[in-house]
Amino acid sequence: MLRVSSKLVPLLLQSVTSSHTHTHLISSYSTSRLFLSYSHLFPRRPMASLSALPHRLQYPTARRDDSIVEDYHGVKVADPYRWLEDPDVEEVKEFVEKQVQLTNSVLQQCETRSKLSEKITKLFDHPRYHAPFRRGDKYFYFHNSGLQPQDTLYVQDSLEGEPEVLLDPNALSEDGTISLNTLSISEDAKYLAYGLSSSGSDWVTIKVMRIADKNVEPDTLSWVSVTVFLVSNSNQLRNELPLTVVNLDMFQVKFSSISWTHDSKGFFYSRYPAPKDGEVVDAGTETNSNLYHELYYHFLGTDQSEDILCWRDPENPKYLFGGSVTDDGKVHFIVIALELYDISVFFLCTHEIRKVQEQYFSSEDFTVINVIGFPLLLCPIVHISWKYKNEAYTTFYAYDVKFPMNLTLFLSNVQYVLLYISEGCDPVNKLYYFDMSELPNGMESFRNKSTLLPFVKLIDNFDAQYHDIANDGTVFTFLTNKDAPKYKLVRVDLREPTVWSEVLQESENDVLESACAVNGNQLIVSYLSDVKYILQVRDLETGLLLHQLPIDIGTVDEVSARRKDSVVFISFTSFLTPRIIYQCDLRTNIPDMKIFREIVVPGFDRSEFQVKQVFVTSKDGTKIPIFIVAKKDIRLDGSHPCLLYGYGGFNISLTPSFAVSRIVLTRHLGTVFCIANIRGGGEYGEEWHKAGSLANKQNCFDDFISAAEYLVSTGYTQPRKLCIEGGSNGGLLIGACINQRPDLFGCALAHVGVMDMLRFHKFTIGHAWTTDYGCSDKEKEFHWLIKYSPLHNVRRPWEQQPDKSIQYPSTMLLTADHDDRVVPLHSLKLLATMQYVLCTSLENSPQTNPIIGRIDCKSGHGAGRPTQKMIDEAADRYSFMAKMLDAQWID
């Protein structure tokens, strides 16, 4: 099953873009300029009257430690709130508690809070489905009846069969904060391996369930046993395993995948070294840096201490490793072992099997009916009967052997394990491989060995990204951006590793987002064309276009199929389409594409709304796409509340998607909702990404500011009615923009943002983001970062422009206690800094717009958040927005 893109997902956003989060509710987190006056459009009111609250807020006092001063390449930088970096000390807990009380006092004054909660809840209460996927003779899919905290996994014997609940995460906790992080079904559909996350942390616990009886042992793992679930490509689990459930106590496993070997005796996974005693208190609240990733092989039914260390690189502690066993496209041979006392003879059945080899097939398509040996004295005869897809074949072989024999028939695939190596979030990786058929007893051959797995280096630099799409023996097809910033498909034979050929050339205008091998020798490929998806069927061998699949303007967020599947399920969404799951049958000459399921939201009428895309000129002349969603026939008189959303980083594309909360805002608050596809994202390929990263990061802020100016100048809104929002890297975007243009916005919502650009690399996985931001340890890059770091650029705008009535917009910083991706210290330090510089350091500050923080408990970076928590957060932040923008409720 393929997600939106087969490209590697950056670690900064990975959990926020999880395919199993409730994306229907909230979209994924998703140098100074000349001051522009809009006084000719909207008369400016005195600054003191801008606050929507009747009284000045009484901010809690936070201790400043002025002794903390860091020397960055000769530049002294104070860090008075460094003590907020330790979440376990009592002073930090007291600071958080006081901020929570302050925020609650503000939210109690937001009149639309209860109405928003009611409307969002009502509209969100509808059945939702994800695309089904097939394993063995069963189908599996996720379903939510409406307001369940977490999606439930169902199983059925056929698409028409009666579905049964296989795994319901909602039964695992009273508050819904234990979520299903990811899962894998064995090839024979006998076993489910799944990972549970607590409170949104990146750490997860693995279990294995026998599907037939749904028998699962209770979770008894503590922190040292906490794991991230590892994605499985297993064929099957051994029937001889004594347990119906396997608890895998894997120390410090994080940012990993799991990949089963074809013998199903175990799997590859990645992990960090085990923590020392006393180092951790609560999983997900730690801040220590994740270093020294390692690749292991785990044998089922054994203790983790017996796992085989397959790869490590202690000289490069920031490297990340992922192992993946290939699902070869062809069965290469059938071997008959003729046991002649102490003599073994091996031969290949190469006649009729050759016809089958031209097609892809798996063991479930291939059945051996009978093998009979006739021990004649002069010429033994072997008679083999076998079936491929119910078509019978018979083969006779005669050999000059003079002794009785016993015959053993088994299917043999060449299988490779691919080692992916990355050093950050850039779309580049090294790629090594190992031919596991060289091991006569599989990974058993490596038990008790002290050497690493002998990988062969295919790509040994970080020049480009390589992601395997399919392979037939030694011939591999990869998706790559090597000399192709908009991506292409290439092919190489491992026997001639220097000879590469193009299968599908780079498009001149469109970005090749994904490719999925299906139906034997075909591909489903998706392109991004001006931030709108195009879906095609192409030939795997030649790359030639076979069919254009009809889809509306929007996003293909899931392609559910594997190479053996001739029926593909495609999930589609857009701003005004909750979700349509298409069933595409590729067995016909022309693909038969029909609606399998369509998600219907009661009370939602798409005809009430309109969507348009415009292209705005940024500061340097670059055209920036913006989507604008509004009620039909609105007047462009500047009177409308407007919500502008952005991200702009890590090669992530913001594409059209449906969100209940946005529909409620547009219908009941008259809000114009906009997405700016600024540079730094992946909307136009790697060049677009690079144009908004490292030394070019300011382009992101310029693009977003230009989008805001466009919305004002064209009459959609005015500065005091414009709210900006973003999360994660998008939270950084919001923090930088309110520093650079506080006059342009009336409200700002910054989720889980990277706010301290001088120290982000020191916490958890932050070091991986230096490929997009740079690192303050390097002098040149320090000077990039210090110019826009939100924490270090809070200024009093009324002092910078004393002739103008300017203050910061009303601001809400949102974070969560178990966010171990962008740790809460970023938001806490910026919150303390803004409150001090703008408010508490002055006896009668001109800053009357509130600066508050919403700090959630038992939540992480975004993934796995239960439905009610998402509704509560949406009601809180958007009622705050409505109050600050003076947006009136419309029934």
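The analysis underlying the following values was restricted to heavy atoms, covering all of them including side chains, and did not include hydrogens, waters or symmetry mates.
Side chains of Ser841 and Arg796: a donor on one and an acceptor on the other come within 3.5 Å. Counted by atom type alone, Asp856 and His818 present zero donor-acceptor pairs between their side chains at under 3.5 Å. In this structure, a donor-acceptor pair under 3.5 Å is present between the side chains of Gln698 and Gln740. Under the 3.5 Å distance criterion, with hydrogens and angles disregarded, a donor-acceptor pair is assigned to the side chains of Tyr773 and Asn729. Counting only N and O atoms by type, the side chains of Glu686 and Gln465 include no donor and acceptor under 3.5 Å apart. Side-chain N/O atoms of Asp313 and Tyr292 include no donor and acceptor closer than 3.5 Å. Tyr269 and Glu294 form no side-chain donor-acceptor contact under 3.5 Å, judged by distance and modelled atom types alone.
Within the 3.5 Å criterion, the main-chain N or O of Lys690 finds a donor-acceptor partner in the side chain of Asn696. At distances below 3.5 Å, at least one donor-acceptor pair connects side-chain atoms of Gln807 with backbone N or O atoms of Thr848. Distance alone, capped at 3.5 Å, places no donor-acceptor pair between the Ser618 side chain and the Ser706 backbone. At distances below 3.5 Å, not a single donor-acceptor pair connects side-chain atoms of Asn316 with backbone N or O atoms of Lys318. For the pair Thr771 (side chain) and Asp426 (backbone), a donor-acceptor distance under 3.5 Å is present. The backbone N or O of Val752 lies less than 3.5 Å from no partner atom in the side chain of Thr815, so there is not a single donor-acceptor pair. Side-chain N or O atoms of Asp819 include one that pairs as donor or acceptor with a backbone N or O of Val822 at under 3.5 Å. Side-chain atoms of Lys721 never come within 3.5 Å of backbone atoms of Phe745 as a donor-acceptor pair (strictly under, hydrogens ignored). Side-chain N or O atoms of Asn699 include one that pairs as donor or acceptor with a backbone N or O of Ala691 at under 3.5 Å. The backbone N or O of Pro797 lies less than 3.5 Å from no partner atom in the side chain of Gln801, so there is not a single donor-acceptor pair.
Leu295 places none of its side-chain heavy atoms less than 4.5 Å from the side chain of Tyr420. Inter-residue side-chain proximity for Ser661 and Tyr878 is flagged as met; some heavy-atom pair is nearer than 4.5 Å. Between Asp820 and His861, every side-chain heavy-atom pair lies at or beyond the 4.5 Å cut-off. Residues Cys723 and Leu885 have side chains in contact (heavy-atom distance under 4.5 Å, counting atoms from C-beta outward). In this structure the side chain of Cys674 reaches within 4.5 angstrom of the side chain of Cys642, judged on heavy atoms. By the 4.5 Å heavy-atom criterion applied to side chains, Arg312 and Pro314 are counted as neighbours. Taking the side chain as every heavy atom from C-beta outward, Met884 and Asn849 never approach each other to under 4.5 Å. Side-chain atoms of Ile421 and Trp311, non-hydrogen and from C-beta on, do get closer than 4.5 Å to each other.
Relative ring orientation between Trp769 and Phe760 is described as parallel, the plane-to-plane angle staying below 30° on a 0-90° scale split at 30° and 60°. Between Tyr647 and Phe650, the ring planes lie tilted relative to each other; the angle falls in the 30° to 60° range. Using a 30° and 60° split on the angle between ring planes, Phe321 and His293 fall in the parallel class, below 30°. Ring geometry for Phe782 against His73 counts as tilted: the plane angle lies between 30° and 60°, on a 0 to 90° scale.
A salt bridge does not link Lys804 to Asp743: none of the charged nitrogens lies less than 4.0 Å from a carboxylate oxygen. Salt-bridge formation is detected for the pair Arg82/Asp79: a Lys NZ or Arg NE/NH1/NH2 atom is positioned less than 4.0 Å from an Asp or Glu carboxylate oxygen. We find that Arg877 and Glu873 are joined by a salt bridge, their nearest charged nitrogen and carboxylate oxygen being less than 4.0 Å apart. Taking 4.0 Å as the cut-off between side-chain N and carboxylate O, Asp620 and Arg679 count as a salt-bridged pair. Under a 4.0 Å N-O distance rule, the pair Asp817/Lys93 does not qualify as a salt bridge. Arg759 and Glu85 are joined by a salt bridge, as a carboxylate oxygen and a charged side-chain nitrogen come within less than 4.0 angstrom of each other.
For Cys737 against Phe704, the heavy-atom pair with the smallest separation is SG-CD2, 3.8 Å. Nearest heavy-atom pair, Gly648 versus Cys700, reported as atom, atom and distance to 0.1 Å: O-SG, 3.4 Å. Considering every non-hydrogen atom in both Ser845 and Cys839, the closest pair reads CB-O, 3.7 Å. Taking both residues in full, the closest heavy atoms of Tyr59 and Pro850 are given as OH-CA, 3.4 Å, listed atom of the first, atom of the second, then distance. Residue Leu694 comes nearest to Gly774 through the heavy atom pair CD2-N, 3.4 Å, listed as atom of the first residue, atom of the second, then distance. Shortest non-hydrogen contact noted between Arg795 and His792 is NH1-O, 3.2 Å.
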Exercise. Go through the steps to decide whether Thr103 and Ile852 satisfy the test side chain to side chain contact (heavy atoms under 4.5 Å, CB included), and finish with yes or no.
Key: CA-CA 6 Å; Thr103 299; Ile852 61 174; 3.7 Å; yes
Practice problem: Could you check Glu423 against Lys430 for salt bridge (Lys or Arg N to Asp or Glu O under 4.0 Å), going step by step and ending with a plain yes or no? | Solution: CA-CA 9 Å; Glu423 62 176 348; Lys430 296 183 179 183; over 6 Å; no
Quiz item: Can you check side chain to side chain contact (heavy atoms under 4.5 Å, CB included) on Val794 and Leu830, steps first, answer last?
Solution: CA-CA 9 Å; Val794 178; Leu830 179 60; 3.9 Å; yes
Quiz prompt | Test side chain to side chain contact (heavy atoms under 4.5 Å, CB included) applied to Leu758 and Ile786, step by step | solution = CA-CA 7 Å; Leu758 302 188; Ile786 193 65; 3.8 Å; yes
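With sequence neighbours excluded, no residue forms a salt bridge (Lys or Arg N to Asp or Glu O under 4.0 Å) with Glu781. The side chain to side chain donor-acceptor pair (under 3.5 Å) check on Asp175 picks up Thr177, Lys858, with sequence neighbours excluded. Listed by chain and number, the residues in a side chain to side chain donor-acceptor pair (under 3.5 Å) with Lys76 are Asp71 (sequence neighbours excluded).
Rounded to the nearest 0.5 angstrom, Leu831 CG and Ile855 CD1 are separated by 6.5 Å. For the atom pair Lys619 NZ and Glu709 CD, the distance stands at 10.0 Å (nearest 0.5 Å). Rounding to the nearest 0.5 angstrom, the gap separating the CZ atom in Arg854 from the CG atom in Leu107 is 7.5 Å. The structure places CD1 of Ile675 at 7.0 Å from CG of Asn677, a figure rounded to the nearest 0.5 Å. Atom OG1 of residue Thr840 and atom CD1 of residue Ile851 lie 11.5 Å apart, to the nearest 0.5 angstrom. Considering CG of Asn739 and CE of Met834, their distance stands at 7.0 Å, rounded to 0.5 Å.
You'll find the ring centres of Tyr81 and Phe95 outside the 6.0 Å limit.
The side-chain contact (heavy atoms from CB on, under 4.5 Å) with Lys697 is formed by just one residue from the set Leu732, Leu785, Leu733; it is Leu732.
More than 12 non-hydrogen atoms from other residues, nucleotides or ligands lie less than 6.0 angstrom from CD of Glu799.
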